[in-house]
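What follows is one structure encoded as structure tokens, with my remarks underneath.
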Amino acid sequence: MMKRAVLLLLSFLLIFSCEKRDCTRKGMVQIDEAIIPGTVLFNDVAHIEVRASAPDGCWSNLYVVLEETEPFSYSLKAYGTFTCCYDVCACPAIMIRHDTIIDFTPAQKGTYYFHVTHFWDDVDIDTMIVR
């Protein structure tokens, strides 16, 4: 009877400790492709096409962020939610992909620089000339 009570208590604690654990975290995922127009006219909307991906099924909710870092300079990164409640997770072996189009309206004429983070330490710089 005592063994059963101890096992029941341990099971109860394990269940509630997993429920209280935060099993998700935000993280950067890779950008496979970013198509940035080379030249656009002032007051036109430029369509920036981005494909982001994550390596397995523990990732979800992928999204792309375009952020102005300084005048004429922008950062393009992709993020997602990683879900894993245990030290070793059995993540489905499927690629998670997200395609998006960002409508970018340049504020003035000139050369714009886009720092595209393809992977954590792999950053390309693409330019857009606004006439």
Side-chain angles (χ1 to χ4, degrees):
M1 183 70 174
M2 185 65 163
K3 276 185 175 181
R4 182 179 247 172
V6 169
L7 286 174
L8 184 61
L9 179 63
L10 287 175
S11 298
F12 182 76
L13 290 174
L14 180 63
I15 290 169
F16 280 100
S17 68
C18 284
E19 285 182 16
K20 290 181 181 179
R21 280 173 78 175
D22 185 13
C23 299
T24 62
R25 67 174 171 82
K26 300 282 184 202
M28 189 180 296
V29 297
Q30 95 181 34
I31 292 178
D32 298 322
E33 184 176 25
I35 300 172
I36 299 170
T39 305
V40 297
L41 296 176
F42 182 65
N43 285 332
D44 279 355
V45 176
H47 303 289
I48 299 173
E49 300 176 39
V50 182
R51 169 171 280 171
S53 69
D56 59 55
C58 284
W59 288 93
S60 63
N61 304 323
L62 303 187
Y63 61 97
V64 177
V65 174
L66 178 66
E67 178 179 56
E68 184 176 16
T69 55
E70 57 187 64
F72 295 97
S73 185
Y74 289 81
S75 170
L76 188 62
K77 295 180 181 179
Y79 298 93
T81 302
F82 184 77
T83 303
C84 176
C85 288
Y86 306 102
D87 293 335
V88 178
C89 293
C91 300
I94 58 171
M95 289 290 292
I96 305 299
R97 290 193 169 87
H98 176 72
D99 293 332
T100 190
I101 296 176
I102 299 170
D103 291 335
F104 177 77
T105 305
Q108 54 187 315
K109 294 179 182 180
T111 302
Y112 288 76
Y113 298 93
F114 294 87
H115 301 260
V116 181
T117 303
H118 291 284
F119 208 63
W120 291 274
D121 59 353
D122 180 17
V123 179
D124 285 337
I125 299 174
D126 205 345
T127 58
M128 174 190 297
I129 298 171
V130 179
R131 298 178 185 208

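The residues of the chain are indexed from 1 along the displayed sequence.
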Closest contact, heavy atoms only, [X] versus [Y]:
X: Gly110; Y: Phe72; result: CA-CE2, 4.0 Å
X: Pro92; Y: Cys58; result: CD-N, 4.3 Å
X: Val29; Y: Gly80; result: CG1-N, 4.2 Å
X: Ser75; Y: Lys77; result: OG-CE, 3.5 Å
X: Gly27; Y: Trp59; result: O-CZ3, 3.8 Å
X: His98; Y: Tyr63; result: CD2-CA, 4.2 Å

- Keeping the roles fixed (side chain from His118, backbone from Ile31), state whether a donor-acceptor pair exists under 3.5 Å. yes
- Residues Phe82, Asp56; criterion side chain to side chain contact (heavy atoms under 4.5 Å, CB included); working and verdict: CA-CA 10 Å; Phe82 184 77; Asp56 59 55; 4.1 Å; yes
- Item | Step-by-step side chain to side chain contact (heavy atoms under 4.5 Å, CB included) determination, Ile102 to Leu76 | CA-CA 10 Å; Ile102 299 170; Leu76 188 62; 3.9 Å; yes
- Message: Less than 2.5 angstrom apart at the SG atoms, yes or no, for Cys91 and Cys84?
- Response: no
Looking at [atom1] of [X] and [atom2] of [Y], how far apart are the two atoms once the value is rounded to the nearest 0.5 Å?
X: Gln108; Y: Asn43; atom1: CD; atom2: CG; result: 11.5 Å
X: Tyr112; Y: Glu68; atom1: OH; atom2: CD; result: 8.0 Å
X: Ile36; Y: Tyr113; atom1: CD1; atom2: OH; result: 13.0 Å
X: His47; Y: Ile101; atom1: NE2; atom2: CD1; result: 7.5 Å
X: Leu62; Y: Arg51; atom1: CG; atom2: CZ; result: 12.0 Å

- Over 12 non-hydrogen atoms of neighbours within 6.0 angstrom of CZ in Arg25: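 Yes, CZ of Arg25 has more than 12 neighbouring heavy atoms, counting only those of other groups under 6.0 Å.
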- Query: By side-chain contact (heavy atoms from CB on, under 4.5 Å), which residues pair with Met95, not counting sequence neighbours?
  - Reply: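 Result, side-chain contact (heavy atoms from CB on, under 4.5 Å) vs Met95: Ser53, Arg97.
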- Query: How about Gln30 and Asp32: do any of their side-chain heavy atoms sit closer than 4.5 Å?
  - Reply: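 Touching, per the 4.5 Å side-chain cut-off.
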- Are the side chains of Lys109 and Phe42 in touch, meaning some heavy atoms are under 4.5 Å apart?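 Yes, close enough: below the 4.5 Å cut-off.
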- Do Val64 and Tyr79 share a hydrophobic cluster, counting only Ile, Leu, Val, Met, Phe, Trp and Tyr and linking them when any side-chain heavy atoms are less than 4.5 Å apart? no
- Message: Classify the ring geometry of Phe114 against Tyr74: parallel below 30°, tilted from 30° to 60°, perpendicular beyond 60°.
- Response: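 Geometry flag for Tyr74 against Phe114: parallel rings.
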